Number of protein chains: 2
Amino acid sequence: MRTQTLDAFQVIADPSRRQMLMMLSKESMTINSLADNFDMSRPAVSKHIKILYGAGFISITDIGRERHCMLKQEGFNELQNFINFFDKFWLTKLRKLETILNNKAK
Amino acid sequence: MRTQTLDAFQVIADPSRRQMLMMLSKESMTINSLADNFDMSRPAVSKHIKILYGAGFISITDIGRERHCMLKQEGFNELQNFINFFDKFWLTKLRKLETILNNKAK
DNA sequence: AATATATGTAACTTTAAAGTTACTAAACAA
DNA sequence: TTGTTTAGTAACTTTAAAGTTACATATATT
């Protein structure tokens, strides 16, 4: 696995990482407690966490030898912007259709 | 390039495909007119379009030998659900914070 | 009919993401 | 101090996404 920083879209392209984000929406978790829920080695989970951290999806607080991961809003911003753009597109399209229908009804 | 169907998240992980979706939000375009805007071969664009089509991001209307591509809402649904989930998460978190602050102010 | 245009497909190469195992380092517990 | 737990890193392998070129096919155009 490459540890080079991935962009927000690449980050959520991986199902395991999306699953990790979902789990972290319930409670903050350590690397090991996350790893318990996945069918992959602990180092693999560790690298996913590094990627999530690097892209601003989570923050990490070290408590002794444990690393506590919790969600961070920053990473989601680019995705929200993308989706918002197309939400507006579909809304505009719908309005145009309504206008056409209204004109026909006259 | 594999032509196997990719999920919605994998589809938008590619910057070229996101760019294609942005362009199609302005106007419907043929494969060639799309390809003119990218620094890659026409077959490469053709395969991206196939992927976008396969995941429900675009519909295609054949007119003679031309294929006219236009946006289709279906492909965006899964992404919207994902983002909505976390939008709600942040909103809930904000409300909890407000409650705490209000209690302190008493 | 011959030619040009628009597109798809097959076969191939390159690259990097995702995983593995083995090892290291730091914090804690005995 | 010795051993256990938590986590990161290095080196490596596998796989598939992304691109290429060459060729095939169908529709227009002349």
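Here is the naming used below: chain letters follow the sequence lines, and residue numbers restart at 1 for every chain. Since we're looking at a predicted model, the values are computed, not measured.
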Legend entry - Atom-pair distance (CZ on A:F9; C1' on D:dA17), nearest Å: 18 Å
Legend entry - Spacing of A:M40 atom CE relative to D:dT15 atom P, expressed in whole Å: 16 Å
Legend entry - Along DNA chain C (nearest heavy atom to each residue), the more 5'-positioned of A:G64 and A:D14: A:D14
Legend entry - salt bridge (charged side-chain N to carboxylate O under 4.0 Å, His left out): pairs with one or both residues in residues 25-42 of chain B, sequence neighbours excluded: none
Legend entry - With A:Y53 via ring pair (Phe, Tyr, Trp, His ring centres under 6.0 Å) - residues at least two apart: none
Inset, instruction - Round to the nearest Å and state the distance from A:I63 atom CD1 to C:dC28 atom C1'. - result: 15 Å
Legend entry - Length of the line joining A:L34:CG and D:dG8:P, which is rounded to integer Å: 11 Å
Inset, instruction - Examine C:dA17: is either OP1 or OP2 under 4.0 Å from a nitrogen or oxygen in the side chain of A:H48? Give yes or no. - result: no
Legend entry - Length of the line joining B:R17:CZ and D:dG19:P, which is rounded to integer Å: 8 Å
Legend entry - Between P of D:dA18 and CZ of B:R18, the distance in whole Å: 11 Å
Inset, instruction - Find the distance B:Q10:CD to D:dT15:C1' and express it as a whole number of Å. - result: 13 Å
Legend entry - Test item: B:E66 side-chain N/O and B:I63 main-chain N/O as donor-acceptor pair under 3.5 Å: no
Inset, instruction - Take nucleotides 2-8 of chain C nucleotide by nucleotide from the 5' end and write B, S or -, depending on whether a protein heavy atom sits under 4.0 Å from the base, only from the sugar-phosphate, or from neither. - result: --BBSBB
Inset, instruction - Quick one: which residue pairs count as a salt bridge (charged side-chain N to carboxylate O under 4.0 Å, His left out) with a foot in residues 89-103 of chain A, not counting sequence neighbours? - result: none
Legend entry - Pairing residues for A:S59 by the side chain to side chain contact (heavy atoms under 4.5 Å, CB included) criterion, not counting sequence neighbours: A:M70, A:K72
Inset, instruction - Just jot down the ring pair (Phe, Tyr, Trp, His ring centres under 6.0 Å) partners of B:F86, sequence neighbours excluded, or say none. - result: A:F76, B:F82
Inset, instruction - In whole angstrom, give the distance that lies between atom CD1 of A:I12 and atom P of C:dA17. - result: 16 Å
Inset, instruction - Compare side-chain N and O positions of A:S41 against OP1 and OP2 of C:dT20 and report whether any pair is under 4.0 Å apart. - result: yes
Inset, instruction - Taking the six-membered ring of A:F9 (Phe, Tyr or Trp), confirm whether the NZ or CZ of B:R18 is under 6.0 Å from its centre and within 45° of its axis. - result: yes
